[in-house]
K.L.:
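There's a structure below that I have some questions on.
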Amino acid sequence: MKIATWNVNSVKARLPRVLEWLDEFKPDVALLQEIKTEDHSFPALEIETLGYKIATHGQKSYNGVAILSRHPMAITQTGLPGDDTDDHARFLEAIISPEDTSITPVRVATIYLPNGNPSQDETGAKSDKYRYKLKWMDRLIKHTEKLLKTDEAFVLGGDYNVCPTDGDVYDPRAFANDALCRPETRMRFRTLLNLGLTNAFRVFNNQPNVYSYWDYQRGAWAKDNGLLIDYLLLSPEAADRLLDAGIDKKPRGREKASDHTPVWCTLAPGI
DNA sequence: ATGGTTGCGTAGCAA
């Protein structure tokens with residue numbers, strides 16, 4: 001089973017790129033972030049034509065996440081638990097159950113973790129945005145602890161807005177105080193991994209300076225000034241089935257590209 | 001050079 005995550009930066013502005021990528025890459029499951037549209041205005045017909053079922057947790061103008069699946073899926077969670085006042089659409093979870101019963105079902109979540117910048121306010125204290133990010137990460141840790149108790153195969157994929165190490169940033173010194181790199185951010189990401197999750201890409205590639213995001217500004221793509229912030233984190237039961245993982249840089253090089261490129265993994269049908 | 005680019009929505013925010 002091929003599972004991919006991609007921050008598309010507006011599904012409507014990106015529709016030709018998304019359709020072309022689905023057609024050529026043919027993921028079984030695509031976890032999308034920053035669809036930047038409400039559920040009713042998601043371009044469903046074009047994507048369904050390619051054989052995908054669609055689940056969305058949309059929002060006007062900002063955020064918004066979606067799951068596309070070639071297999072039957074059932075939504076298990078809309079929005080990240082733990083704060084009823086949080087109205088950002090950043091989390092959607094479903095169980096993917098292939099009709100071929102020789103393939104063990106997989107729970108997936110699409111995650112758009114808050115950016116958190118600027119990390120400080122005028123007084124030098126943590127900004128409201130950064131505080132929101134850190135609380136969101138604490139909630140994700142709590143929810144993951146709950147999921148791990150089920151002993152199921154699951155994949156938490158998305159734009160984590162975290163550079164776990166200096167090797168994941170093109171200019172670590174310039175980003176030292178960035179909300180993606182601050183120690184408080186990195187500590188929480190390690191806490192998440194230390195619950196027992198596996199970063200799929202890092203099983204197969206330990207090189208530094210491999211990226212999934214390049215800013216639109218200052219010729220970042222041409223200069224390979226990027227960040228690695230998109231991940232597929234696997235439960236032990238999913239990691240046991242991990243066959244391969246990678247980053248597909250092609251979509252970032254095209255006309256009207258998203259600033260992120262897809263990250264993918266393949267899982268064996270079962271053990 | 002304190003800039004630059006993209007998307008949403010049509011001003012200014014978010015990234």
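Please read all numbers here as calculations on a predicted model, not as lab measurements.
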K.L.:
Restricting to side-chain contact (heavy atoms from CB on, under 4.5 Å), what partner residues turn up for A:Asp168, sequence neighbours left out?
P.N.:
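For A:Asp168, the residues satisfying side-chain contact (heavy atoms from CB on, under 4.5 Å) (neighbours in sequence not counted) are A:Cys163, A:Pro164, A:Thr165, A:Arg202, A:Leu228, A:Tyr231.
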
K.L.:
With sequence neighbours excluded, what pairs up with A:Trp264 under the side-chain contact (heavy atoms from CB on, under 4.5 Å) test?
P.N.:
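So A:Trp264 forms a side-chain contact (heavy atoms from CB on, under 4.5 Å) with A:Ala4, A:Phe25, A:Asp244, A:Asp248, A:Thr266.
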
K.L.:
Starting at CG of A:Asp215, measure out to CG of A:Leu227 and round the result to the nearest 0.5 Å.
P.N.:
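It is 8.0 Å, given to the nearest 0.5 Å.
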
K.L.:
What interatomic distance, in whole Å, is found between P of B:dT10 and the corresponding atom of B:dT5?
P.N.:
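Those two atoms are separated by 23 Å.
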
K.L.:
On DNA chain B, reading 5' to 3', which nucleotide is the first and which the last to sit with an atom under 4.0 Å from a heavy atom of chain A, could you check?
P.N.:
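Span of nucleotides near chain A: B:dG4 to B:dA15.
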
K.L.:
Are A:Tyr112 and A:His88 an aromatic pair by the rule of ring centers under 6.0 Å?
P.N.:
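Centroid separation for A:Tyr112 and A:His88: 6.0 Å or greater.
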
K.L.:
For a quick check of understanding: with a heavy-atom distance under 4.0 Å over all strands, which category does A:Tyr112 fall into, base, sugar-phosphate or nothing?
P.N.:
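Sugar-phosphate contact only.
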
K.L.:
For DNA chain B, whose closest nucleotide is more 5', that of A:Asn161 or that of A:Asp215?
P.N.:
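Comparing both residues, the 5'-ward one is A:Asp215.
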
K.L.:
Flag the pair A:Lys135 and A:Asp83 as a salt bridge only when some basic side-chain nitrogen lies within less than 4.0 angstrom of an acidic carboxylate oxygen.
P.N.:
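No, A:Lys135 and A:Asp83 are not salt-bridged.
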
K.L.:
P atom, B:dC13 versus B:dG9: distance in rounded Å?
P.N.:
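Comparing P positions in B:dC13 and B:dG9 gives a spacing of 16 Å.
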
K.L.:
Map A:Lys129 and A:Ser61 onto DNA chain B by nearest heavy atom, then report which one ends up closer to the 5' terminus.
P.N.:
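With A:Lys129 and A:Ser61 compared, the 5'-side residue is A:Ser61.
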
K.L.:
Hey, is A:Glu20 close enough to A:Arg254 for a salt bridge, meaning N to O under 4.0 Å?
P.N.:
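Looking at A:Glu20 and A:Arg254, the cut-off is met.
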
K.L.:
What distance, rounded to whole Å, do you find between the two C1' atoms, one in B:dG4 and one in B:dA14?
P.N.:
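Straight-line distance between the two C1' atoms is 16 Å.
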
K.L.:
In whole Å, measure the gap between the P atoms of B:dC8 and B:dG3 for me.
P.N.:
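These two P atoms come out 25 Å apart once rounded.
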
